[in-house]
Amino acid sequence: MTSQRTHYCGELRAGHVGQEVRLCGWVHRKRDLGGFAFLELRDREGVVQVMIDPGAAPEAGAAAKEVRPEFVVRVEGIVASRGENVNPKIPTGQVEVHARNLEILSRSKPVPFPMEDQIDALETTRLGFRYLDLRRPALQRIMMLRAKAARVAREALAERGFLEFETPILTRSTPEGARDYLVPSRISPGSFYALPQSPQLFKQLLMVAGFDRYFQLCRCFRDEDLRADRQPEFTQIDLEMSFVAADDVMAVTDELLARVFRDTIGFEVPRPIPRLTYADAIRRFGVDNPDVRYGLELIDVGDVLGKTEARFLREPFEAGGRIAALRIAGATFSRKELDELNEVVKPYGAKGVANAKLAGGAWQGGLAKFLGGEPGAAFAQRTGAADGDLVLVVADADPDTASTAAGRLRQHLARRLGLVKDASWGFTWVTEFPMFERDAATKRWAAKHHPFTQPLREDAGLLESDPGKVRAQAYDVVVNGVEVGGGSIRTHEPELQGRVFRALGMDEAEAQRRFGFLLEALAHGAPPHGGLALGFDRLVMFLAGTDSIRDVIAFPKTTRAACLMTGAPAEVDEAQLKELGLAYKGSRGGSPES
RNA sequence: GGGGCGGUAGUUAAGUUGGUUAUAACGCCGGCCUGUCACGCCGGAGGCCGCGGGUUCAAGUCCCGUCCGCCCCGCCA
């Protein structure tokens with residue numbers, strides 16, 4: 001294999017018996033019986049037992065006395081059958097290596113946690129010794145899985161005629177979207193580069209340049225607060241195509257996802273991946289990233305309950321809000337459990353969850369007094385409630401709040417009721433996103449996807465009159481209720497792009513200042529084009545079956561965007577700041593005093 | 001920016017109503033052991049109870065502040 005070794009530890013099998021081998025690896029465990037000693041030797045492919053008989057190999061016996069866990073050693077010897085002493089727990093368990101020679105290549109201090117899959121070390125400890133954490137078989141498997149997924153994606157795209165590009169990491173800040181990471185310029189004091197939130201504009205420019213099909217496994221940077229599935233720097237499979245409609249991009253993505261899932265974990269993604277419009281997603285699931293592995297869909301009951309005596313329903317409805325119901329067949333919830341549902345919904349801005357249960361043809365529960373006679377019958381019919389069914393109701397004057405709360409309630413109930421089967425998969429596209437949404441702070445329209453997205457042609461006329469109604473040629477792909485990718489057809493006509501900028505409250509001068517280079521490019525023969533980006537880390541999370549993004553990134557950061565191993569971010573020398581023309585106001589390491 | 005949980009030997013945890021010398025397991029060190037495989041047996045060492053302040057005769061324990069980690073909302077595509 002190399003000049004130093006002939007095999008991986010983990011690859012030895014009964015077929016190797018009798019062969020002379022040289023192995024290099026880490027001492028996983030030592031069992032010293034006083035005479036014989038056994039070492040478990042580990043490398044990335046697995047573990048194999050090494051037997052040391054000091055009678056047969058005195059020097060190896062002496063070396064074995066010194067060996068401790070995680071020492072790096074080289075073993076020379078003969079692969080032998082273990083006969084009666086097979087270890088069925090490990091793939092190499094039928095054989096062992098009878099050492100003729102044992103050489104210590106490197107020593108190890110005692111390690112803070114064992115190199116095993118099941119460890120109880122806190123994440124702080126693991127991240128502080130990430131190189132040891134990564135040495136554990138579980139993370140070795142994930143990192144190899146990640147490498148394979150990347151390779152498969154590259155192959156699949158290359159076969160489809162996509163060209164791999166690199167785009168700048170030091171680029172220009174574009175105030176749209178997330179907060180930028182900034183890099184000061186030494187040569188132009190007071191000026192800054194930004195790290196890319198995505199290579200969006202560059203890939204469009206590559207289309208203008210005529211490359212037709214682009215892809216990149218690119219690092220992206222966003223200076224926002226972190227979550228279990230969000231890191232400040234993450235990787236996307238980014239692609240862009242010319243002369244395409246949304247259907248074409250989605251078809252390519254279907255194929256790409258299918259290849260990655262099949263060639264890594266052997267799962268067949270159903271093709272084509274079903275599609276759902278944004279409006280339908282909100283109506284049926286309350287959220288734009290629905291988990292489609294189970295039903296329990298939302299039912300609109302505004303016209304049924306919006307006129308009853310119940311003020312907490314009538315007032316929101318008359319104010320233009322939404323009343324959504326969830327029917328749970330034959331459910332039994334205690335009073336306490338029903339109360340707890342209020343807490344599920346409150347973080348999303350809803351007031352609470354009302355309930356009614358159909359029993360013996362009559363409604364019981366909090367809503368019962370509003371459900372006598374005709375309204376009660378209509379409610380039963382609309383929700384399809386049968387005897388013994390529980391119906392939960394969420395209402396809010398802001399339809400988005402009602403939808404989100406009901407949608408999150410749906411997810412909560414699905415988990416609680418065990419509706420999500422392990423190892424099941426739900427893929428869906430969500431299409432026709434709104435072009436704009438109100439910025440909560442400024443009350444202005446903001447691009448929901450990004451400002452280069454093309455409106456649906458039939459909605460373009462509303463850009464000036466009713467921007468809120470304009471739908472975009474934008475699409476997200478959602479797996480098990482997690483957005484794993486999204487993209488759009490871009491605007492390739494400068495005139496239309498200008499109208500979008502104006503809808504965003506950006507005048508000609510500002511648009512020119514920020515995106516002049518793009519508008520100029522669009523004015524020099526831009527092909528119709530569109531693309532998409534997949535969150536590669538999230539994809540690997542699914543393939544690996546983990547719910548922490550830190551498990552799929554070799555050197556991840558904490559929720560405060562720090563690296564516990566290197567200590568980044570860290571203070572720098574005054575001289576470095578001076579060279580950059582920077583001075584820091586406030587207490588160093590803490591938050592700045594304004 | 002807001003809410004929740006956590007921080008005690010190398011590691012993971014226990015620590016009652018504030019009360020004597022802060023426990024346990026694993027790991028570590030020394031000794032014994034020729035078929036172990038989470039080897040076993042005997043012995044031993046190891047503590048800034050995150051940090052700072054306060055209350056008290058007395059603080060791991062109560063109070064205030066602060067730092068760090070994880071989860072969620074806002075934010076983020």
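So you know, we letter chains A, B, ... as the sequences are listed, proteins then strands, and number each from 1. A quick note: this is a predicted structure, and the numbers were derived from the prediction, not measured.
Scanning for salt bridge (Lys or Arg N to Asp or Glu O under 4.0 Å) contacts around A:Glu233 gives A:Arg219, A:Lys557, with sequence neighbours left out. Under the side chain to side chain donor-acceptor pair (under 3.5 Å) criterion, A:Gln94 pairs with no residue, sequence neighbours left out. Qualifying side chain to side chain donor-acceptor pair (under 3.5 Å) partners for A:Asp43, counting only residues two or more places apart in sequence or in other chains: none. With sequence neighbours excluded, no residue forms a side chain to side chain donor-acceptor pair (under 3.5 Å) with A:Arg410. Scanning for side chain to side chain donor-acceptor pair (under 3.5 Å) contacts around A:Ser173 gives A:Asp180, with sequence neighbours left out.
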N/O to N/O distances under 3.5 Å, protein versus nucleotides 28-30 of chain B:
unit_1 : atom_1 : unit_2  : atom_2 : d
B:C29  : OP1    : A:Arg68 : NE     : 3.1

Atom pairs under 3.5 Å: protein N/O with N/O of nucleotides 74-77 of chain B:
unit_1 : atom_1 : unit_2   : atom_2 : d
B:G74  : N7     : A:Arg227 : NH2    : 2.8
B:G74  : O6     : A:Arg227 : NH1    : 2.9
B:G74  : O6     : A:Arg227 : NH2    : 3.3
B:G74  : N1     : A:Asp225 : OD2    : 2.7
B:G74  : N2     : A:Asp225 : OD2    : 3.2
B:C75  : O2'    : A:Glu224 : OE1    : 2.6
B:C75  : O2     : A:Arg230 : NH2    : 3.3
B:C75  : N3     : A:Arg230 : NH1    : 3.3
B:C75  : N3     : A:Arg230 : NH2    : 2.8
B:C75  : N4     : A:Arg227 : NH2    : 3.4
B:C75  : N4     : A:Arg230 : NH1    : 3.1
B:C76  : O2     : A:Arg230 : NE     : 3.3
B:C76  : O2     : A:Arg230 : NH1    : 2.7
B:C76  : N3     : A:Arg230 : NH1    : 3.1
B:A77  : OP1    : A:Ala178 : N      : 3.0
B:A77  : O3'    : A:Arg222 : NH1    : 3.4
B:A77  : O3'    : A:Arg222 : NH2    : 3.4
B:A77  : N6     : A:Asp288 : OD2    : 3.4

Anything under 3.5 Å between a protein N or O and an N or O of nucleotides 50-52 of chain B, put it in a table, one pair a line.
none

N/O to N/O distances under 3.5 Å, protein versus nucleotides 22-26 of chain B:
none

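Side-chain atoms of A:Glu343 stay outside donor-acceptor range of the base of B:G4, with no qualifying N/O pair under 3.5 Å. No donor-acceptor contact under 3.5 Å links the side chain of A:Arg408 to the base of B:C73.
Between A:Asp229 and A:Gly55, it is A:Gly55 whose nearest contact on RNA chain B lies nearer the 5' terminus. Looking at which nucleotide of RNA chain B each of A:Lys65 and A:Lys89 is closest to, the 5′-most match is held by A:Lys65.
When both pairing distances are held under 3.5 Å, B:U20 makes no Watson-Crick or G-U pair with any nucleotide shown. Of all nucleotides present, none satisfies the Watson-Crick or G-U wobble test against B:A77 with each distance under 3.5 Å. Across the strands present, B:U56 finds no partner; the criterion is a Watson-Crick or G-U wobble pair with both atom distances under 3.5 angstrom. Across the strands present, B:G44 finds its partner in B:C28; the criterion is a Watson-Crick or G-U wobble pair with both atom distances under 3.5 angstrom. When both distances must be under 3.5 Å, the Watson-Crick or G-U wobble mate of B:G69 is B:C5.
For the pair A:Arg31 CZ and B:C32 C1', the interatomic distance rounds to 19 Å; values are reported in whole Å. Counting to the nearest Å, the P atom of B:C73 and the NE2 atom of A:His412 are 14 Å from each other. Distance CD1 (A:Ile119) to P (B:A13): 12 Å, rounded to an integer number of Å. Taking atom CE of A:Met51 as the reference point, atom P of B:U36 lies 12 Å away to the nearest angstrom. Rounded to a whole Å, the CE atom of A:Met115 is 14 Å from the P atom of B:G27. Whole-Å rounding puts the A:Arg560 CZ to B:C67 P distance at 8 Å.
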- Task: Run the numbers on A:Ser488 and A:Arg490 for side chain to side chain donor-acceptor pair (under 3.5 Å), then give the verdict.
- Result: CA-CA 6 Å; A:Ser488 63; A:Arg490 328 298 182 189; 2.6 Å; yes
- Query: Can you list the steps and then say if A:Asn289 with A:Val430 is a side chain to side chain contact (heavy atoms under 4.5 Å, CB included)?
  - Reply: CA-CA 8 Å; A:Asn289 55 345; A:Val430 177; over 6 Å; no
- Message: Please evaluate residues A:Val249 and A:Gln473 with respect to the criterion side chain to side chain contact (heavy atoms under 4.5 Å, CB included), reporting the C-alpha separation (whole Å), side-chain torsions for both, the decisive distance (0.1 Å), and the verdict.
- Response: CA-CA 11 Å; A:Val249 180; A:Gln473 299 186 51; over 6 Å; no
- Message: Could you go through A:Gln216 and A:Thr167, starting from their C-alpha distance and side-chain angles, then the distance that decides it, and tell me whether this counts as side chain to side chain donor-acceptor pair (under 3.5 Å)?
- Response: CA-CA 9 Å; A:Gln216 179 176 196; A:Thr167 52; 3.0 Å; yes
- Going through the distances and angles, do A:Arg275 and A:Asp247 end up as a salt bridge (Lys or Arg N to Asp or Glu O under 4.0 Å)? CA-CA 10 Å; A:Arg275 298 181 191 180; A:Asp247 278 349; 2.4 Å; yes
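The listed nucleotides are B:C37, B:U11, B:C70; the one nearest the side chain of A:Arg82 is B:C37. In this structure, the nucleotide among B:C37, B:G35, B:G69 sitting nearest to the side chain of A:Leu564 is B:G69.
Salt-bridge formation is detected for the pair A:Lys346/A:Glu343: a Lys NZ or Arg NE/NH1/NH2 atom is positioned less than 4.0 Å from an Asp or Glu carboxylate oxygen. Under 4.0 Å is where a charged nitrogen must lie from a carboxylate oxygen, and between A:Asp291 and A:Arg415 no such pair does.
Distance alone, capped at 3.5 Å, is enough to place a donor-acceptor pair between the A:Gln140 side chain and the A:Leu134 backbone.
Remark: A:Tyr193 OH is loosely packed, at most 12 non-hydrogen atoms of other residues, nucleotides or ligands lying under 6.0 Å away. Shown here is A:Asp547, whose CG atom has no more than 12 heavy atoms of other residues, nucleotides or ligands within 6.0 Å.
If you look at A:Phe165 and A:Phe202, their ring centroids are not closer than 6.0 Å.
Between B:C57 and B:C72, the distance separating the two C1' atoms is 45 Å to the nearest Å.
Within the nucleic acid shown, A:Gln200 has no heavy atom closer than 4.0 Å to any nucleic acid atom. In this structure, A:Arg29 reaches the sugar-phosphate backbone alone: every heavy-atom distance under 4.0 Å involves primed, P, OP1 or OP2 atoms, never a base. Contacts of A:Asp53 with the nucleic acid, taken as non-hydrogen atoms under 4.0 Å apart, are absent. Within 4.0 Å of A:Glu123, counting heavy atoms only, lie sugar-phosphate atoms of the nucleic acid but no base atom.
Applying the salt bridge (charged side-chain N to carboxylate O under 4.0 Å, His left out) definition to pairs two or more places apart or across chains, those involving residues 530-543 of chain A are A:Arg146-A:Asp537, A:Asp229-A:Arg538. The list of ring-ring contact (aromatic ring centres under 6.0 Å, His included) pairs with a residue in residues 25-48 of chain A, not counting sequence neighbours, is empty.
Within residues 33-48 of chain A, the residues having any heavy atom under 4.0 Å from RNA chain B are, by residue number, A:Leu33, A:Gly34, A:Gly35, A:Phe36, A:Phe38, A:Glu40.
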